[in-house]
Amino acid sequence: MATDVLHETNLGEINKYDFITPSHDVFKAKRGLSADIVGQISEMKQEPSWMRDFRLESLKIFESKPMPKWGGDIGINFQDIFYYLKPTNEQGKSWDDVPQEIKDTFDKLGIPEAEKKYLAGVKAQFESEVVYGSLQEDLGNKGVIFTDTDTAVREHPKLLREYFGKIIPPSDNKFAALNSAVWSGGSFIYVPPGVKIEFPLQAYFRINAEQMGQFERTLIIVDEGASVHYVEGCTAPMYTTESLHSAVVEVIVKKNGRCRYTTIQNWANNIYNLVTKRAVAYQDSLMEWIDGNLGSRLTMKYPAVYMMEPGARGEILSIAFSSKGQHQDAGAKVVHCAPHTKSRIISKSISKNGGRSSYRGLCKVEDGAVGSKSNVVCDALILDAASRSDTYPYIEVEEQDVQVEHEASVSRIGEEQLFYLMSRGLSEAEASSMIVSGFIEPLIKELPMEYAVEMNRLIELQMEGSVG
Amino acid sequence: MTETLKIKNLHVAVEGKPILRGVNLTINRGETHALMGPNGSGKSTLGNVIMGHPNYEVTEGVIELNGENILEWDATARARAGIFMAFQRPMAIPGVKMADFLRHATTNVRNPARKEGEELIPMRQFRKELTEKMEQLKMDVEFARRYVNDGFSGGEMKRAEILQMAMLRPKFAILDETDSGLDVDAVKLASQSIAQIGKETADSAAMGTLIITHHDKLLDQNTPDYTHVMLGGKIVETGGVELAHELFTDGYDRIRARYPEAAADERAMATTEAVAI
Ligand SMILES: Nc1ncnc2c1ncn2[C@@H]1O[C@H](COP(=O)(O)OP(=O)(O)OP(=O)(O)O)[C@@H](O)[C@H]1O
Ligand SMILES: [Mg+2]
């Protein structure tokens, strides 16, 4: 298969992996969801029939599945949403339409002018080509594929089809089915055997209009002995006029491979963020999810690692911050399917101003997975009496010879800690934000430098109450 | 004009339970006061209230800084006005590095008008100063990278409190059993350092110091101008350094006999506490 890829990735094609998807005709599907609309989306994208069938089949599954009864309140009218919105300049949205608070936040984060407009959805394309072109070329030379998923359907059909929808089938859950029916954009990454990408690959690099859409679909294949760190999203508040974001991310890490997937997302307050992320890890490989969730009305996200072969490891680190009117129902799943597999989950949540955070996690050890180890630590910090935190750990162990540890703690921000810091001249806000950043410091340490800095700044802004 | 911290007829309660029952105390810049008294008599409470701890209710009396009532000020404002307390039991702040914390603290105290998000003192200058002070206190510079009081040994915590005082250069400092937990050599060093910090304030006037202690070691280099004895939530007697030495050798029984009313209050405090438990 590796040779297939090399073959497909000849130099002549590299220019096609430009960061910007060539623009099609202006198109705006109607509001609502139906087989017609799904068909239209597929046609718009000039997709092969298998993908069209996959979408239509997924739509049926979506329609047949009830809404999840757990998690949070999902108040979405599915007929009230645009499922395929191709942002263009003709859309008539202008910088003036972007709410002032979003603009202020961009300023505080020091986001460059060009990116601001893109992030706010005013500008459809972001000229990153110039900056990142040489990087892309270097990757291409190594046989790495890094493109958007729509392009991959056209240009890497064989590779894509082998894995697409295999890790998270449409039948997995209602929102995976929805995404499968109407997906658009997202990243497709293939790293050939033994290729180690030293710098984090960022979705940022090749931002294009669809890439950060509502229903993106990401597929990452890390071949044997290869490694990649993918960074998704950005810390600027993502502003869309639509209220539903439902992504699917599938990751395959083969023998001795390593994949780290970092997400920092800061959603506007009206967004339902319902995301399915799952990785399968083969022999002696390592899959790491690092997930930071801020904002949104409701986030439901439980990155999963299935450890399929001996020696596989899964690590999930997550931070959730919920404030007024926000519910973060986040967590992690680890499934030990083979002997001597190891997992670690660290989850930290912060609730403030009536915000609600829940940790929902699954640790499953299958029969025969002898010598496996799992360690789960979840800590919640509650900043005031109006806020709330819950823990829902599910542990299913079918094997005797294993070690499963679970620790959970909930603490209120200590008045004594606040007083201590204030007695040294820190203002109350500064003191709380210092306590909070200390609380999440073990996770921040894991982030690439610039993200760590931004994350800290974001938390500070959240603490000042000037965001969202 | 000499700056003054003045406590007048201070009554304090916690959750309705009276602890301080009319404390009077005046500390001028440049003076050293020793505050002694049996366990549970209210010494730490007095310190905490001066520092602005929100959980103590002042039911009567005032605290004045240079004639201005500061009871409504929060701890931040008091710290920025130059009041400092080295705590008997400093709080751990996990994940927050000593250096970051101290840089914020130092900036705020030196620039009391600073708002959040405004410039911190330059890294280079701060680091230089911090290293100097740490060397003087014979602390390993690595210490600055550790999380505030998190997993510190008893002695390390007390040294860290002195380091903070050295960086903040207060006008008035309350040292609450800063000697406890320190080894023999460290106590000597602490005693010297406190005396030195008292002289090296930001302005030219020396520090006003309130030393709460059960031992004589800190007083070696910081000879008290006044020694106060607290009993049952009141300062019942004030003397010179000789009073401190009398108490070190004789204990508090004679004081209790001399002030039967305060001794009764002391017993009452102990019983309400027992009931509360
Ligand atoms: N926050 C609080 N809540 C309840 N009781 C308190 C609180 N703070 C102090 N007290 C009580 O008030 C009394 C005085 O306590 P304080 O700590 O001031 O004594 P102290 O003189 O410093 O004693 P020690 O020499 O043991 O340090 C004690 O009975 C104590 O239990
Ligand atoms: Mg005490």
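Numbered from 1 within each chain, the chains take letters A, B, ... in sequence-line order. Only heavy atoms go into these numbers, but all of them, side chains included; no hydrogens, no water, no symmetry mates.
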Parallel, tilted or perpendicular: rings of A:Phe419 and B:Phe87 (30°, 60°): perpendicular
Modelled atom types, side-chain donor and acceptor of A:His327 and A:Ser358, under 3.5 Å: yes
Residues in salt bridge (Lys or Arg N to Asp or Glu O under 4.0 Å) contact with B:Lys128, at least two apart in sequence or another chain: B:Glu132
Residue, of B:Asn48, B:Asn55, B:Ile83, B:Asp74, that accumulates the most heavy atom pairs under 4.5 Å with chain A: B:Asn55
NZ/NE/NH1/NH2 to OD/OE distance under 4.0 Å, A:Arg258 and A:Glu288: yes
Distance-only polar pair, side chains of A:Asp329 and A:Tyr302, donor-acceptor under 3.5 Å: yes
Close approach to chain A in residues 96-111 of chain B, criterion heavy atom under 4.5 Å: B:Val96, B:Lys97, B:Asp100, B:Phe101, B:His104, B:Ala105, B:Asn108, B:Val109
Which atoms of B:Asn149 approach chain A - backbone, side chain, both or neither, heavy atom under 4.5 Å: side chain
Residues in residues 156-168 of chain B that sit under 4.5 Å from chain A, counting heavy atoms only: B:Glu161, B:Gln164, B:Leu168
Residue B:Ala81 versus chain A: region with a heavy atom under 4.5 Å: neither
Heavy-atom proximity to chain A below 4.5 Å, by part of B:Pro90: both
Top of A:Leu418, A:Ile444, A:Leu426 for chain B proximity - count of heavy-atom pairs under 4.5 angstrom: A:Leu426
Flag for A:Ser374-A:Ser343: side-chain donor and acceptor within less than 3.5 Å: yes
Donor-acceptor side-chain pairing of A:Ser351 and A:Ser357 below 3.5 angstrom: yes
Residue-level interface, residues 172-180 of chain B with chain A, non-hydrogen cut-off under 4.5 Å: none
A:Ile435 and B:Ile93, any side-chain heavy atoms less than 4.5 Å apart: yes
Note: B:Lys6-B:Glu64 ion pair, threshold 4.0 Å (strictly below): no
Short side-chain donor-acceptor distance under 3.5 Å, A:Lys301 and A:Ser318: no
Side-chain heavy atoms of B:Thr201 within contact of B:Arg29, under 4.5 Å: yes
Check ion pair A:Glu430-B:Arg114 (N to O, under 4.0 angstrom): yes
Contact class of A:Gln417 relative to chain B, heavy atoms under 4.5 angstrom: both
Pairs of heavy atoms under 4.5 Å with chain B: top-ranked of A:Lys445, A:Glu441, A:Glu415, A:Glu428: A:Glu441
